[in-house]
Amino acid sequence: MKIAVFCSGNGSNFQAIADSVKAGDIKADISVMVCDNPKAFAIERAKKLGIETFVTSLKDHKSRQDFEKAILAELEVRKIELVVLAGFMKVLSADFIAKYKNRIINIHPALLPSFAGTDGIGDAIKYGVKATGVTVHFVDAGVDTGPIILQDAVEVRPDDTHDSLAERIHKIEHQLYPRVVKLFVEGRIKIEGRVVKIT
Ligand code: GAR
């Protein structure tokens, strides 16, 4: 199976998935890492991993539609079958998502449907929840609303800062995301309505 991983920043989840592919645990190819931020550290990681990159930012294009068209063309040429959003901070349009229906997955640093949006970690701390976590879900036309594939909980400690909680959340993410990609590649994820079953 040919996979595209989308990143905007650090790319530690991209690294974890690429490491699992290299180790032979996930039997798939990461054909390309798509990045909308030319300064992202994920690009350095891709170079070290020997994975091709497609870097294009929204401001390189006349419109969001053109930006997405350029990315779609890249995916089509490469015959991509699974899109893995790994810290990709642009919301994809309904048209884009329809083209890869049930073939785009995302990781979110909270237990959805709580704390959707751009700062799932900070919002959980501010709210005062005692447990938060990580969610991997299919992407639908809403923001962080698609069918949930797997979740794992993380305790919020009284003295947690954004950084200390983020560190524990990332550790969980780096285990959970490769696990989900492996399940998808092995055809073991079924969607019934909005409920996901692992077979
Ligand atoms: C991850 O914590 C991911 O859950 C989060 O961005 C981080 C990217 O880290 N995604 C979102 O907040 C999406 N709404 P990484 O670049 O090191 O993989």
Side-chain angles (χ1 to χ4, degrees), residues 3-22 26 30 32-49 51 53-58 64 71 82-94 96-97 100 104-127 129 131-156 160-182 184:
I3 299 175
V5 181
F6 285 30
C7 301
S8 298
N10 180 18
S12 67
N13 282 286
F14 162 50
Q15 179 85 49
I17 294 163
D19 288 345
S20 289
V21 169
K22 270 214 165 134
I26 298 172
I30 302 179
V32 65
M33 193 281 286
V34 173
C35 186
D36 70 321
N37 169 14
K39 295 197 179 99
F41 185 63
I43 298 170
E44 302 304 313
R45 294 184 188 270
K47 275 188 198 141
K48 278 214 185 102
L49 287 158
I51 292 173
T53 57
F54 181 70
V55 182
T56 189
S57 58
L58 190 52
R64 180 172 283 265
I71 296 175
L82 171 65
V83 171
V84 176
L85 307 183
F88 185 69
M89 292 313 207
K90 292 280 178 305
V91 175
L92 295 168
S93 72
F96 189 113
I97 291 156
Y100 283 85
I104 308 177
I105 59 176
N106 181 46
I107 191 157
H108 185 74
L111 290 177
L112 292 172
S114 292
F115 312 119
T118 53
D119 189 15
I121 296 173
D123 291 343
I125 292 175
K126 275 187 234 139
Y127 197 91
V129 291
T132 183
V134 176
T135 302
V136 180
H137 63 95
F138 284 104
V139 174
D140 67 7
V143 176
D144 299 328
T145 53
I148 290 168
I149 305 170
L150 284 182
Q151 294 184 300
D152 206 349
V154 175
E155 181 195 3
V156 182
D160 258 330
T161 61
H162 196 287
D163 282 354
S164 66
L165 181 56
E167 200 181 314
R168 296 203 306 288
I169 283 190
H170 287 146
K171 270 201 190 121
I172 298 292
E173 289 188 333
H174 300 159
Q175 294 164 10
L176 202 66
Y177 218 3
R179 217 172 114 203
V180 171
V181 173
K182 181 178 162 74
F184 188 97

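FYI, the numbering just counts along the sequence from 1. Computed from a prediction, not measured in an experiment: that's the story for all the values here. Counting starts at 1 for both ligands and their atoms, following the listed order.
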Looking only at protein heavy atoms, identify the closest one to [atom] and say how far it is in Å.
{"atom": "atom 10 (N) of ligand 1", "result": "Ile107 O, 3.6 Å"}
{"atom": "atom 17 (O) of ligand 1", "result": "Ser12 OG, 2.5 Å"}
{"atom": "atom 16 (O) of ligand 1", "result": "Gly11 N, 2.7 Å"}
{"atom": "atom 4 (O) of ligand 1", "result": "Glu173 OE2, 2.5 Å"}

Give, for atom [atom1] of [X] and atom [atom2] of [Y], the distance between the pair rounded to the nearest 0.5 Å.
{"X": "Lys39", "Y": "Glu44", "atom1": "NZ", "atom2": "CD", "result": "13.0 Å"}
{"X": "Ile17", "Y": "Ile51", "atom1": "CD1", "atom2": "CD1", "result": "10.0 Å"}
{"X": "Thr118", "Y": "His108", "atom1": "OG1", "atom2": "NE2", "result": "9.0 Å"}

Over all atoms of both residues, closest heavy-atom pair of [X] and [Y]:
{"X": "Leu58", "Y": "Lys90", "result": "CD2-CE, 3.9 Å"}
{"X": "Ser8", "Y": "Phe88", "result": "OG-CA, 3.3 Å"}
{"X": "Val91", "Y": "Arg64", "result": "O-NH1, 3.0 Å"}
{"X": "Ala86", "Y": "Val5", "result": "CB-CG1, 3.9 Å"}

With respect to [X], determine whether any N or O atom, backbone or side chain, lies less than 3.5 Å from an N or O atom of ligand 1.
{"X": "Met89", "value": "no"}
{"X": "Asn13", "value": "yes"}
{"X": "Thr118", "value": "no"}

Mark up the atoms of ligand 1 that fall under 4.0 Å of a heavy atom belonging to [X], in ascending order.
{"X": "His170", "answer": "2 (O)"}
{"X": "Gly87", "answer": "6 (O), 8 (C)"}
{"X": "Asn10", "answer": "16 (O), 17 (O)"}
{"X": "Pro109", "answer": "4 (O), 5 (C), 10 (N), 11 (C), 12 (O)"}
{"X": "Gly117", "answer": "14 (N)"}

Point to revise | More than 12 heavy atoms of other groups within 6.0 Å of Arg168 CZ | key: yes

Exercise for review: State if Ala42 counts as touching ligand 1 under the rule of any non-hydrogen atom under 4.0 Å.
Suggested key: no

Practice item. Considering only NZ, NE, NH1 and NH2 on the basic side and carboxylate oxygens on the acidic side, decide whether Lys126 and Asp123 come within less than 4.0 Å. Key: yes

